[in-house]
2 protein chains.
Amino acid sequence: MSKQPKVPISAALASYRKPTLKTIAELSGLAVPTVSRALKDAPDINSETKKLVRKVATEIGYVPHPAGVRLRTGRTFVISLVLSTSNEMMTHAARLMAAMVKELRGTPYHLIITPFFPDEDPMTPVRYVVETGAADALILNETTPDDARVKYLLERGFPFATHGRSRYCEQHPYFDYDNLSFGRIAVEALVQKKRRFIWMLAPPPQHNYALNMIEGAKTACTNQGLTLYVSEAINSEQSIEEVTQKVTELLKNEPQLDAFICASTNAAIGVTAALEALGKTIGVDMDIVAKEAIPFLKLFRPRMLIMQEDVTAAGTWLCQAVLQAIEHPERAPLQNLEIPQFAELEKQL
Amino acid sequence: MSKQPKVPISAALASYRKPTLKTIAELSGLAVPTVSRALKDAPDINSETKKLVRKVATEIGYVPHPAGVRLRTGRTFVISLVLSTSNEMMTHAARLMAAMVKELRGTPYHLIITPFFPDEDPMTPVRYVVETGAADALILNETTPDDARVKYLLERGFPFATHGRSRYCEQHPYFDYDNLSFGRIAVEALVQKKRRFIWMLAPPPQHNYALNMIEGAKTACTNQGLTLYVSEAINSEQSIEEVTQKVTELLKNEPQLDAFICASTNAAIGVTAALEALGKTIGVDMDIVAKEAIPFLKLFRPRMLIMQEDVTAAGTWLCQAVLQAIEHPERAPLQNLEIPQFAELEKQL
DNA sequence: CATTTTTCCTAAAACGATTTAGATTAAATC
DNA sequence: GATTTAATCTAAATCGTTTTAGGAAAAATG
C-alpha cells in the first residue's frame, strides 16, 4: 500500500550534489511544496506521502539550506552572545560560552559571538544584529543601569535576555547575582576578622552590578560605623599588572588599610602581588574577600575569602530563556532569576 | 552633469523597511542588476551611474542581505573555529578567539565557534560545515598526527588552517610551536637544577604536539643518562582536582621524583597543590617547568620555570591565513610558521 | 444523478542577490 | 551612408525555501 519512490535513490546519489527539496521531489515524484509541507507535518498532506517523503529525506541525508530558510522566513537559528573584547572575555565569558554551547547541543541553534570593542558604541553590534536579522535572539552581558541596548531591544520587540539587571529588567528575562548581598557579606566577613579599613576594587561604575556591590558594602560599613574606600581609578577590570602597581602606590599613602574586597580574579591576584611585595601575608596582616567565576583563587592563596559566581548556570539559564522567547513569545516571560551564591563565603566565616 | 536620484530619498525612508538592491533601483531609476554591478565596480557600468548608486546606497544605509548573497554565491563571510568543549576551552581557546575577533574587525567576516564534544566524532562538525557551506573557512585546533579532518579538507579543497601540525601539514597553512625544543629545554633546565627524576604531564598522546613534546624530553633525558617518566593516566588535560589527586598518589609510590614538566596551567596548579600538601616547596624540594597560554603561573608560584605560548599571535596569524586562502587561493600557500618562544625559559636558567 | 464538501496535491510568487545573455544606443570604421 | 564596435543598460533565470491560492479527484450529501 505504501507509496514508492519514483526514481531509485542510487541514481540520485551518483552525481553528488547537496540534496535539496527539489532532489526529494524528483525522487518521490511530488512537487517541491508538497515535500516542504510533508516534512513539516502539515495537515493537508496524506500520511502515506509524508512517510515516503521522510524516508527519502533521511535516506539521502537532506538538511534544509539555512540561506533558503533565512531568506524566506527571516529565521537564522543563531543566538548571538554580545561580548566586550576587554579582558573579561578571557575568563568568565569563556565559561558562559561553554555552558551555552552545551545547552544548544541537539537544538538547531548555533552560538555566535558578536564582539564589541571598548572604543566603540555598544549599540553598534546590537543594531547590526537587529537590522540585518543576523540572529534570532541576543544575549547581553554587563548591563548598565540605564542600558540603551535593552531599551532599544524592548522597543523593537526583539527576543533577548540579559546577564545582569537594568532599570528595564522587569520587562524581560535576565540572570543576575545578588551583588548587594555580596557587598554586605564581604564587609561582615572582614569585620568579623577585626578589619576596620576596607578598600573595594569594584567594577567600573557604569555597570549595574558595580553599583549594587558598592551599595551593599557601603551600607554594611555604615552599620558597623566604618567607611568604605572605593575609587574608580583602581577597578576590577584592570589588568593584574595595573592593579598591582596602583595598589602598591595606594598602600604607601594609606598604610592603615587592612582589607580588600576584589570583584574579579585579576583584581585579587593584583592585590596579592602588591601585598606580598611589601612583605604582608594574607590572613595575617591583611584579609582579602574576592569574587570570581572560575574556582581558582582558593588554590592561589587558600586564606583568601572567596565567593563563586556560577557562570555556568547563568549560561544555561540564559540560553533556555532566549529559546523560550523565540519559540513561545506568547508565554509569560520567564521568571526573573536571582541566585545568591554566598553559602561558601558564609561557611568560611 | 551628475545623474540625479529619480525619487527623493525621504520618500523611501518614510515607510521603513530594510533597504535592498530593489530600494536603490527604485530610487535611482535603474534596474536591480545594474545597481548590483555598480556597487561591485564592474567595468561595464558608467562611472556617473556608479557614483549615483554609491551615493544612494550610503545615504539609505544599504547593507547586502547575507542570506541573499549566500544563496546565490555560497559565500557566508563566516570563519569557523572548531573547538573541543573540554576544559581547554576555558583558557587558551578564549585567548585565541579574542585575537581572531580583533583580527577580523573591519573585515566583512564573522567568527563562529563550532564546538565538538569529547564523546562525538571530531569529523562531525567539520563535515557539517563543509557540506552545508556554513562557513567560508575552518580553523582546526589540536591536530592529531594523522588527522582525518585535515585529510578530508585537503581532499575537498576547502579553505582551512590548523593550530598544530600533522602528517599533511606541508600542504596547508598552520601555526605551531616548537614543542620538540620545549621538551628538550625543559629537561635541560631541570638537569641544571640538579634534578634527576623527571615526570612529565603531557597532553593525551593522540595530539600531535604531545608526541613532539615527549620526544624532545625523552631524547634530552637519554642524552643526560636519565629516564623520562610519563604516563597517559596523568595528563595535562585533566582538571586541577584530578591532577592533584593522581600526583599525590604518584608521589607515594615514587618518592624519588624531584621534578615535573607540566604542559598546561591546570596541570601545574594541580601538581603544586599536591606537592604543597605534602609539605614540599617548589624550587627547594622540587622543580616544575610549565607551559601555558595565559601569563599567570609566574604570579601563582614565582619559582616555577615558565614557558609562554603566544596564543594571541597564533589567533592573528591563523585568521590572516584563512582570509588569504579564501580570497587568494591561487597565491602560493602562506609560509608555514613556527615560532619557538623559549627565550624566557632560557633566560631563567 | 447532480451538487457540495473534503482530501490532497500543484502552480506561482516571493525572499535578496548575482550572473548570463541580450538589447539599445552612441561612437567608430570603412 | 552602411556596418561594425564599444559602451551601457535591462530581462530573465537562478540559488532553496515557504506561502498563498487554486485545482482535480474522490467522497459525502441531497
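The structure presented is a predicted model; accordingly, all values stated were derived computationally and were not measured. Chain naming here is simple, since letters A, B, ... match the order of the sequence lines and numbering starts at 1 in each.
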Do the two ring centres, one from B/Y128 and one from A/H110, sit under 6.0 Å apart? yes
For the aromatic rings, using the six-membered ring if either is Trp, is the centroid distance between A/H163 and A/Y174 under 6.0 Å? no
Taking atom [atom2] of [N] as reference, at what distance in whole Å does atom [atom1] of [X] sit?
X: B/H65; N: C/dA17; atom1: NE2; atom2: P; result: 7 Å
X: A/L71; N: D/dT14; atom1: CG; atom2: C1'; result: 12 Å
X: A/I45; N: C/dT6; atom1: CD1; atom2: C1'; result: 15 Å
X: A/D41; N: D/dT18; atom1: CG; atom2: P; result: 14 Å
X: A/R75; N: D/dG16; atom1: CZ; atom2: C1'; result: 17 Å
X: B/K51; N: D/dT8; atom1: NZ; atom2: P; result: 13 Å
X: A/L39; N: D/dT18; atom1: CG; atom2: P; result: 8 Å
X: B/K22; N: C/dA13; atom1: NZ; atom2: C1'; result: 11 Å

Between the base of C/dC9 and the side chain of A/D44, is there a donor and acceptor pair under 3.5 angstrom? yes
For a quick check, tell me whether the side chain of B/R72 and the base of C/dT18 share a donor-acceptor pair closer than 3.5 Å. yes
Short side-chain N/O contact from [X] to OP1 or OP2 of [N], under 4.0 Å:
X: B/K40; N: C/dT18; result: yes
X: B/T49; N: D/dT8; result: no
X: A/S36; N: D/dT17; result: no
X: A/T34; N: C/dT10; result: yes

Output the single nucleotide from D/dC9, D/dT17, C/dC9 whose closest atom is nearest the side chain of A/N46. C/dC9
The nucleotide from C/dT18, D/dT17, C/dC9 with an atom nearest the side chain of B/V69 is C/dT18
Nearest-nucleotide wise, let me know which of B/R37 and A/P33 is further upstream toward the 5' end of DNA chain D. B/R37
Which residue lies more 5' along DNA chain D, comparing A/L21 with B/P43 via nearest heavy atoms: B/P43
Using a heavy-atom cut-off of 4.0 Å across all strands, would you classify B/A67 as base, sugar-phosphate, or nothing? nothing
Quick one: are B/M123 and B/F116 in side-chain contact, heavy atoms under 4.5 Å? no
Sub-3.5 Å donor-acceptor pair from the side chain of A/N141 to the main-chain atoms of A/L83, do we have one? no
Does a donor on one side chain sit under 3.5 Å from an acceptor on the other, for A/D147 and A/Y152? no
